[in-house]
Amino acid sequence: MKKIVNIIGAGLAGSEAAYQLAKRNIHVNLYEVKGIKRNPVQTVDTFGELVCSNTLRSTDPANAVGTLKVEMQKFDSLILKAAYSAQLPAGGSLAVDRDLFSKFIDNEIRNNKLINVISEEVGDIDPMEITIIASGPLTTPKLQLGIQKIVGSDYFYFFDAVAPIVKLDSLDMGKLYWKNRYDKGETKDYLNAPMTKEEYLKFYNELLNSEKADLHLKDEESLRVFEGCMPVEVMASRGEKTLLHGPLKPVGLYRSKEDHHDLFAVVQLRQDNAAKDLFNLVGFQTNLKWGEQKRVFSLIPGLENAEFVRYGVMHKNNFINSPTLLNKSMQLKSNPNVFFAGQITGVEGYVESTASGIIAAINVARKIEEKELIEWPETTVMGGLVNYICTTSSENFQPMKANWSIVNTDGMNKKMKKVLKKEQYSIKAIKDVEEFINKYKI
Ligand SMILES: Cc1cc2nc3c(=O)[nH]c(=O)nc-3n(C[C@H](O)[C@H](O)[C@H](O)COP(=O)(O)OP(=O)(O)OC[C@H]3O[C@@H](n4cnc5c(N)ncnc54)[C@H](O)[C@@H]3O)c2cc1C
């Protein structure tokens with residue numbers, strides 16, 4: 001009998017999972033709600049939408065997220081193919097034209113004969129059907145209830161924000177300059193807005209005193225933010241110098257020796273589309289009211305008359321209690337037909353969400369082929385992420401990005417230099433993924 005897998009959500013994890021299953025000759029019903037109603041951060045109907053930053057971060061294998069990409073390429077990741085096809089210059093980062101990226105994914109999915117796209121808001125999960133839930137951090141309330149019914153527990157949450165995008169031709173190019181931090185990369189990809197101490201302090205004080213948008217928190221809720229993607233105003237509230245060690249740090253951006261004395265802070269802008277007419281403010285995710293964003297961010301030199309094509313917004317992200325609910329095959333412990341993938345599992349980030357889609361799909365394929373389910377080696381970044389979300393203490397469970405501390409590096413020479421050590425971790429992770437693929441004939 002032909003087995004069909006239901007996938008809920010055609011975001012990064014869901015699209016990747018659908019592609020991986022179809023590659024293995026498995027039929028998929030892919031449910032997606034955005035064609036009927038979009039959530040507040042969605043702006044297009046195409047699949048695999050990047051809702052905030054347009055970068056999939058570092059490509060350097062010494063960085064765990066760089067190695068994660070190499071691992072995912074071994075599984076022929078659709079999302080990475082889309083990213084490299086829509087790549088924009090951005091030093092050592094994999095930045096993309098978000099529209100071209102999403103269109104590539106949409107096209108691959110909609111033209112795949114084994115994938116049946118269903119435009120629908122899913123509510124209840126049928127426990128008898130094989131399903132991957134990849135509905136993301138902004139899972140609709142109706143499906144949140146459906147998930148609660150099947151997992152029998154509440155969600156965790158945190159707040160996450162989006163950074164604004166401005167038009168290049170509205171910027172004062174006499175005040176900005178092109179440079180990548182430490183001159184990484186062959187071209188100069190980032191626009192930099194330099195600030196003197198006086199300019200910084202004025203901006204900082206206005207930011208502190210700005211009006212924030214009301215998040216309509218329930219009584220029992222507090223404004224929990226994710227440390228790795230903190231709103232710029234929350235970061236500022238931690239002290240006058242915090243931004244200078246974060247998104248406004250000037251190091252590696254000096255134009256000349258004199259700059260060392262005058263340059264106090266630098267705001268970076270990154271190309272957001274292939275036409276090179278839109279730029280996002282790097283690290284400026286925010287919950288300021290829109291009028292306040294215009295007022296305060298226009299204090300940045302060069303942005304006095306900036307035209308904002310998108311303002312920052314903040315949203316509540318939901319994730320399940322994976323340490324108690326999931327096993328390392330991304331399967332629900334209490335129902336072997338149900339798998340989870342993406343940010344809803346507590347992995348954090350575009351690349352990490354996609355990676356979990358690969359893991360869930362390969363295990364679903366094995367279930368259908370009546371093979372044993374498999375766990376990725378903990379010495380790989382993919383395995384480290386799954387190990388973290390499934391085994392960390394459930395009380396302190398917080399979303400996790402790729403980093404070397406979650407990868408098992410026991411037995412590796414601890415006396416090595418930091419950089420060399422990371423290169424060794426990377427070599428081992430990639431070798432172990434290759435062996436894993438051979439062992440299980442994936
Ligand atoms: C505001 C915000 C900003 C973020 N910024 C970044 C960033 O800059 N960099 C980064 O690396 N990560 C960022 N993230 C985190 C995360 O990487 C992204 O959310 C990523 O898109 C997660 O991938 P996903 O596949 O899990 O979910 P998504 O890409 O969100 O896909 C889930 C899909 O499920 C659909 N869906 C939801 N409910 C239903 C339903 N009931 N029925 C059918 N379909 C449904 C949605 O419409 C959506 O298309 C951000 C998250 C948020 C919320």
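The structure displayed is predicted, hence computed values, not measured ones. Counting convention: from 1, in listed order, for ligands and their atoms alike.
The part of I8 lying near ligand 1 is the side chain, judged by heavy-atom distances below 4.0 Å. By the criterion of a heavy-atom distance under 4.0 Å, the side chain of S353, and not its backbone, is placed next to ligand 1. Contacts between L50 and ligand 1 below 4.0 angstrom, taking non-hydrogen atoms only, are absent altogether. The part of A134 lying near ligand 1 is the backbone, judged by heavy-atom distances below 4.0 Å.
Inspection of the T286 and E233 side chains reveals an N or O donor paired with an N or O acceptor under 3.5 Å. Between D97 and N273, the side chains place no donor N or O within less than 3.5 Å of an acceptor N or O (distance only, hydrogens not considered). Residues N318 and T139 bring no donor and acceptor atom of their side chains to less than 3.5 Å of each other. For the 3.5 Å distance criterion, the side chains of S77 and E16 qualify, holding a donor opposite an acceptor. In this model, a donor atom of one side chain and an acceptor atom of the other lie less than 3.5 Å apart for E49 and T43.
Summarising the contacts of atom 38 (N) of ligand 1 with V347, N39, T140, I118, the nearest heavy atom is found in T140. The option with the heavy atom closest to atom 28 (P) of ligand 1, from among A341, S119, G283, G11, is G11. When the options K401, E121, E32, K142 are ranked by their closest heavy atom to atom 35 (C) of ligand 1, first place goes to E32. Comparing F47, Y350, F319 against atom 6 (C) of ligand 1, the shortest heavy-atom distance belongs to Y350.
Close contacts of ligand 1 with A13, meaning ligand atoms under 4.0 Å from a residue heavy atom, involve 25 (O). If you number the atoms of ligand 1 from 1 as listed, the ones under 4.0 Å from a heavy atom of G342 come out as 26 (O). For ligand 1, the atoms closer than 4.0 angstrom to any heavy atom of G9 are 33 (C), 34 (O), 35 (C). For ligand 1 and P137, the ligand atoms under 4.0 Å from any heavy atom of the residue are 19 (O), 27 (O), 30 (O), 53 (C). Counting atoms of ligand 1 from 1 in the listed order, those under 4.0 Å from a heavy atom of C52 are 3 (C), 4 (C), 5 (N), 6 (C), 8 (O).
When only non-hydrogen protein atoms are considered, atom 50 (C) of ligand 1 lies nearest to D160 OD2, 3.3 Å. Atom 42 (N) of ligand 1 has as its closest protein heavy atom V122 N, 3.0 Å. At the top of the distance list for atom 27 (O) of ligand 1, counting protein heavy atoms only, stands G136 CA, 3.3 Å. In this structure, atom 37 (C) of ligand 1 lies nearest to the protein heavy atom S135 O, 3.3 Å. Looking from atom 15 (C) of ligand 1 to the surrounding protein, the closest heavy atom is Q343 OE1, 3.3 Å. Scanning all protein heavy atoms for the shortest distance to atom 39 (C) of ligand 1 gives V33 CG1, 3.7 Å. Atom 21 (O) of ligand 1 has as its closest protein heavy atom L12 CD1, 3.8 Å. For atom 1 (C) of ligand 1, the closest non-hydrogen atom of the protein is V162 CG2, 3.6 Å.
Annotation: F308 is in aromatic contact with Y311 [ring centroid separation under 6.0 Å]. A ring-centre distance under 6.0 Å is not found for Y190 and F279. Between W376 and F436, a ring centre-to-centre spacing shorter than 6.0 Å is recorded.
Two residues are said to be in side-chain contact when any heavy atoms from C-beta on lie closer than 4.5 Å; M382 and I358 meet this criterion.
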Let's go through K422 and N63 carefully: what are the C-alpha distance in whole Å and the side-chain angles of both, what is the deciding distance for side chain to side chain donor-acceptor pair (under 3.5 Å) to 0.1 Å, and is it a yes or a no? CA-CA 7 Å; K422 290 178 182 167; N63 190 317; over 6 Å; no
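Every residue was checked against the salt bridge (Lys or Arg N to Asp or Glu O under 4.0 Å) condition with K212, not counting sequence neighbours, and none meets it. Every ring pair (Phe, Tyr, Trp, His ring centres under 6.0 Å) that F297 has, sequence neighbours left out, goes to F284.
The shortest N or O to N or O distance between G349 and ligand 1 is under 3.5 Å.
In this structure, the side chain of N317 engages the main chain of H315 through a donor-acceptor pair within 3.5 Å.
Between E369 and R366 no salt bridge is recorded (no basic side-chain N to carboxylate O distance below 4.0 Å).
Within the 4.0 Å heavy-atom cutoff, Q42 counts among the residues contacting ligand 1. At least one heavy atom of E120 sits closer than 4.0 Å to an atom of ligand 1.
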